[in-house]
Amino acid sequence: MGMSFFIIFLIFPFFFFPLVNSFNNSAADSLDALLEDFAFDTLVEHRRHTGVLYKATSPANLSGIQVSVLKLRSRTMWNKGANFSHFSIPPRTTSSPHVRRLALVYQDLGNWSSEYYIVPGYKLVTSVVGFMAFDASNSSAKSITRLNLTTRGKPISIDFHNLTVGESVRSQVRCVIYAANGTTSLSEMSLPGVCQSREQGHFSVVIPEGELKGKQKLCYWWFIGFVLAFAVLVLGGITVVVLVRLLRTKKIQIMERHADEDLALASRWVGQSKMPSAAVTRTLPVLESGCFT
Ligand SMILES: *[C@@H]1O[C@H](CO)[C@@H](O)[C@H](O)[C@H]1NC(C)=O
Ligand SMILES: *[C@@H]1O[C@H](CO)[C@@H](O)[C@H](O)[C@H]1NC(C)=O
Ligand SMILES: *[C@@H]1O[C@H](CO)[C@@H](O)[C@H](O)[C@H]1NC(C)=O
Ligand SMILES: *[C@@H]1O[C@H](CO)[C@@H](O)[C@H](O)[C@H]1NC(C)=O
Ligand SMILES: *[C@@H]1O[C@H](CO)[C@@H](O)[C@H](O)[C@H]1NC(C)=O
Ligand SMILES: *[C@@H]1O[C@H](CO)[C@@H](O)[C@H](O)[C@H]1NC(C)=O
Ligand SMILES: *[C@@H]1O[C@H](CO)[C@@H](O)[C@H](O)[C@H]1NC(C)=O
Ligand SMILES: *[C@@H]1O[C@H](CO)[C@@H](O)[C@H](O)[C@H]1NC(C)=O
């Protein structure tokens with residue numbers, strides 16, 4: 001009985017720290033494709049200057065989402081990196097395949113963030129922002145070609161400068177990275193309000209759902225305390241029962257010894273050998289072996 005309480009005690013914390021591995025992002029992928037089309041229309045409609053972030057018109061049925069596009073030369077990205085909105089791409093970044101010009105499509109999903117991106121057990125505390133790199137060297141090309149980015153130096157950093165979370169949850173804030181290759185991961189912030197990534201993709205900041213560190217954490221410790229107290233109570237009860245039984249057995253043994261003496265006395269009278277009493281060889285009560293083995 002005691003053992004099952006210890007098992008509960010051991011596995012209980014895992015319910016509160018679920019591991020994140022993947023999420024179904026087919027809806028997010030089709031949203032990406034739609035927003036990329038709008039971004040490229042913006043790029044193609046007008047001859048755009050390199051190095052300037054242009055706001056794209058986002059679909060009317062998705063108002064609240066911001067889309068922007070930045071065109072830049074690969075050589076510039078290699079030499080200086082790129083800074084736009086929340087993102088800072090460090091120098092020594094290359095694309096594969098290599099292209100002369102690339103387009104970075106930036107998104108801020110605003111109030112749509114939690115419609116498309118979720119992390120089980122956590123809640124978003126900033127909107128989801130993201131960017132993807134595309135080939136922009138051929139403005140007459142019909143198809144949109146995604147590029148991989150490789151940073152040889154520092155990682156890409158994402159600055160959530162407007163992040164405001166309460167003091168109590170500050171230590172539990174995590175960066176969530178939905179990498180373009182489909183992997184979702186959680187990581188600690190490198191600096192307050194700053195996330196880092198080696199991959200392009202989507203990014204946000206999360207805290208455990210229900211703010212476990214606040215009221216619920218107290219409840220959690222109350223529960224642990226309760227379980228422990230209960231276990232102690234049960235073990236104490238078992239100990240008392242065992243002690244009482246041991247004492248009673250002892251008493252019986254003493255009584256039996258007295259009885260034997262009486263019998264021995266009687267045997268002198270009768271001249272017969274005394275018979276061993278069955279009651280003396282009775283097994284002593286022990287703790288149920290299931291408790292501690
Ligand atoms: C993801 O969700 C879509 C519908 O939203 C469903 O058709 C698809 O099978 C799901 N994929 C996986 C891997 O769960
Ligand atoms: C928004 O409208 C576009 C067409 O302009 C459509 O393809 C897309 O599915 C719509 N999205 C939503 C979320 O309604
Ligand atoms: C981007 O910002 C960093 C510092 O925040 C700076 O060192 C770098 O030169 C900037 N790059 C460009 C292209 O503006
Ligand atoms: C987001 O806000 C816009 C108005 O700014 C609204 O039209 C849209 O329906 C909202 N989206 C969601 C998912 O609530
Ligand atoms: C640009 O794209 C167009 C249309 O796809 C193609 O005909 C042309 O050869 C491409 N030019 C270069 C330099 O790749
Ligand atoms: C980008 O990298 C992934 C593996 O991480 C690979 O499967 C994909 O083909 C690459 N794409 C390009 C355009 O190189
Ligand atoms: C950050 O906050 C300032 C004002 O506090 C606001 O003007 C700005 O738009 C905010 N930026 C973002 C990305 O939310
Ligand atoms: C995606 O990229 C991340 C970070 O570079 C890497 O750890 C992970 O293994 C990649 N996943 C796949 C499926 O390629």
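When a ligand or atom number is given, it counts from 1 through the structure's own listing order.
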Considering residues, nucleotides and ligands other than Arg92, do more than 12 of their heavy atoms fall under 6.0 Å from its CZ? yes

Does any part of the side chain of Ser68, heavy atoms only, come nearer than 4.5 Å to the side chain of Phe84, both counted from C-beta? no

What atoms of ligand 6 come closer than 4.0 angstrom to any heavy atom of Asn148? 1 (C), 2 (O), 3 (C), 8 (C), 10 (C), 11 (N), 12 (C), 14 (O)

Do Phe203 and Phe160 have ring centroids that are under 6.0 Å from one another? no

Closer than 4.0 Å to some heavy atom of Pro97 - which atoms of ligand 6 meet that? 13 (C)

Side chains of His202 and Gln107, heavy atoms from C-beta outward: is any pair under 4.5 Å? yes

Arg146: partners by side-chain contact (heavy atoms from CB on, under 4.5 Å), with sequence neighbours left out: Asp32, Glu36, Met132, Phe134

Polar side chain donor-acceptor pair, Thr42 to Tyr54, under 3.5 angstrom: no

Backbone or side chain, does any N or O of Glu115 fall under 3.5 Å from an N or O of ligand 4? no

Pair Ser204, Thr126: side-chain N/O donor-acceptor within cut-off below 3.5 Å: yes

Extract all N/O-N/O pairs under 3.5 Å that connect ligand 3 to the protein, and present each with both atom names and the distance rounded to 0.1 Å.
residue, atom, partner, partner atom, Å
ligand 3, 2 (O), Asn83, OD1, 3.3
ligand 3, 2 (O), Asn83, ND2, 2.3
ligand 3, 11 (N), Lys80, O, 3.4
ligand 3, 11 (N), Asn83, ND2, 3.0
ligand 3, 14 (O), Asn83, ND2, 3.2

